[in-house]
Amino acid sequence: MVHPTVPQPTLAPSAVFDWLDEAADLRARAGLTRTLRSRPADDPVLDLASNDYLGLVHHPAVAGAAAEAARRWGGGATGSRLVTGTTALHTELEDELAEFCGFEAALVFSTGYAANLAALTALTDPDTLIVSDAYNHASLIDGCRLARSDVHRAPHADPDAVREVLAGRSHRRALVVTDSVFSVDGNAAPLAGHSAAARAHGAALLVDDAHGLGVLGPGGRGALAAAGLAGAPDTVATVTLSKSLGSQGGAVLGPRRVIRHLTETARTFIFDTGLAPAAVGAALGALRLLCAEPHRADRAREVAHTLAARLTAAGLHASTPDAAVVSVRAPGPEAAVQWAADCRTAGLAVGCFRPPSVPDGISRLRLTARGDLTDTQITEAVRIITATSPA
């Protein structure tokens, strides 16, 4: 199709981006303005907003491992993983992470986002049907958009719906995609049901275990280990190193041939600079700490259930946590933003999720049930959230 030529307006250089101001005004009127807030290293605010599920970011073993890696290997990886960006430390982390999670092999990326894009784009083609949970994380959604495949958005946490879609496909291959734990309400996906549906129709299963690693499964080995799917020949997992492991980066875990394929074809691996040695060292230090102290995973879940129970008893609408995320419903977007701000003023940092970031349109506070929280801190957090509640 040939588009007719449309006369273009003549704009002064200073006016080229005027449309950005108009877009910003529209977001402001809709209450969707986002701002950056720099925090000091010694921030006195009680943190229930981060993804530091096990409270390891400042642990001496983790920070020390990061510092030692930086001293030994330098400030950066120096290049892509296939050129100079793979250190012996990267290989150690991949080997130990795969063994810990129960998979044949692992491949480390600069972010969990990059890991998800890699898995979705490298494991699909135009003859693949992707069946993606409606509540999947943005990185999975973007991976689906970049894949050269047909994508079906399946109802949330519904293996029967997945099975029905797979039964009617005409594609040669299919990939079922889901989060293990959904980041908004903290509910777990029915992984056993999804796996059964996929196997019944010759499909592969891809699970983003970002919020399960370190919290679910024996000793924090993740949701796939909890479901008995770790190491399955038709199953691939992605994880982040920036949550329970207190570092930065991501990884794909799966059969060795899957990892080989990603190494040779995944664009976010081939053309990206390798993860910085300090981040690799921190993740490795945290992983070894978790191996030595598996009770940390149990404590994170215990804190989550305690928070949810006390907030519910106080009359608030708190989610029932399957992992370490607890959400508390707010009356609306503006009320949620103000509630979060009031909590911070009172000394408590909480997350604030509102449309369009949430798939169900419900505004809420999002709380991280960190495994290192004391009973006194839990009591104080409940007190502040309850006292500032707009409900």
Side-chain angles (χ1 to χ4, degrees), residues 47 49-70 73 77 87 89-103 105-116 118-119 137 139 179-181 183 186 207-226 230 237-254 274-301 303-304 323-325 368-373:
D47 174 26
S50 73
N51 288 318
D52 184 19
Y53 293 142
L54 302 182
L56 296 182
V57 165
H58 294 289
H59 192 285
V62 177
E68 175 58 28
W73 297 100
T87 69
L89 206 60
H90 287 80
T91 303
E92 282 185 55
L93 176 58
E94 288 167 343
D95 290 345
E96 294 187 28
L97 187 60
E99 181 179 0
F100 179 77
C101 295
F103 287 86
L107 191 65
V108 166
F109 289 76
S110 59
T111 64
Y113 210 111
N116 275 340
H137 186 264
S139 58
D179 281 302
S180 66
V181 177
S183 61
V207 179
D208 180 352
D209 202 20
H211 301 277
L213 177 65
V215 178
L216 299 180
R221 284 170 170 79
L224 287 124
T238 59
V239 297
T240 60
L241 311 177
S242 59
K243 295 179 172 59
S244 288
L245 298 186
S247 181
Q248 185 174 351
V252 179
L253 305 100
L275 185 62
V280 178
L284 193 54
L287 182 62
R288 290 170 176 171
L289 187 63
L290 182 56
C291 287
E293 302 177 359
H295 63 273
R296 290 180 176 274
D298 299 330
R299 175 58 180 169
R301 297 195 303 273
V303 171
V325 174
T368 300
R370 292 198 343 257
D372 65 334
L373 291 179

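Excluded from the calculations below are hydrogen atoms, water molecules and symmetry mates; all remaining heavy atoms, backbone and side chain alike, are included.
Proximity of Leu289 to Leu56: side-chain heavy atoms (C-beta onward) are separated by under 4.5 Å at one or more points. With contacts defined as side-chain heavy-atom distances shorter than 4.5 Å, the pair Arg301/Leu216 qualifies. Taking the side chain as every heavy atom from C-beta outward, Leu245 and Val239 never approach each other to under 4.5 Å.
In summary, Glu92 and Arg288 engage in a salt bridge, as defined by a charged side-chain N under 4.0 Å from a carboxylate O.
Remark: side-chain polar atoms of Asn116 are not paired, donor with acceptor, to backbone N or O of Ser139 under 3.5 angstrom. Under a 3.5 Å cut-off, the side chain of Thr368 and the backbone N or O of Arg370 do not form any donor-acceptor pair. Using modelled atom types, one side-chain atom of Arg299 and one backbone atom of Leu373 make a donor-acceptor pair closer than 3.5 Å. With hydrogens and angles disregarded, a donor-acceptor distance shorter than 3.5 Å links the side chain of His90 to the backbone of Leu275. Side-chain N or O atoms of Ser244 include one that pairs as donor or acceptor with a backbone N or O of Leu213 at under 3.5 Å. Between the side chain of Thr238 and the backbone N or O of Ala115 there is no donor-acceptor pair closer than 3.5 Å. Between the side chain of Arg296 and the backbone N or O of Leu290, no donor-acceptor pair lies under 3.5 Å.
Across all non-hydrogen atoms, the minimal contact from Ala77 to Pro277 is N-CD, 3.7 Å. Minimum interatomic distance between Ala297 and Gly219 (heavy atoms only, all atoms of both residues): CB-C, 4.2 Å. Smallest separation of non-hydrogen atoms from Ser247 and Ala279: OG-O, 2.6 Å. Here the closest heavy-atom approach between residue Ala324 and residue Ala304 is recorded as CA-CB, 4.1 Å. Here the closest non-hydrogen pair linking Ala369 and Val303 is CB-CG1, 3.7 Å. Nearest heavy-atom pair across Val252 and Ala119 is CG2-CB, 4.5 Å.
Atom CG of Leu97 sits about 9.5 Å away from atom CG of Leu284, to the nearest 0.5 Å. Here the CG-CD distance, from Leu89 to Glu94, works out to 10.5 Å after rounding to the nearest 0.5 Å. In this structure, the separation between CG on Leu54 and CD on Glu293 is 10.5 Å, given to the nearest 0.5 Å. With rounding to the nearest 0.5 angstrom, the CG atom of Asp209 is 9.5 Å from the CG atom of Asp179. Expressed to the nearest 0.5 Å, how far CG of Leu287 lies from SG of Cys101 amounts to 7.5 Å.
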Could you go step by step and tell me if Tyr113 and His137 meet the side chain to side chain donor-acceptor pair (under 3.5 Å) rule?
CA-CA 10 Å; Tyr113 210 111; His137 186 264; over 6 Å; no
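A 6.0 Å sphere centred on CD of Gln248 holds no more than 12 heavy atoms belonging to other residues, nucleotides or ligands.
Contacts of Phe103 classified as ring pair (Phe, Tyr, Trp, His ring centres under 6.0 Å), with partners at least two apart in sequence or in another chain: none.
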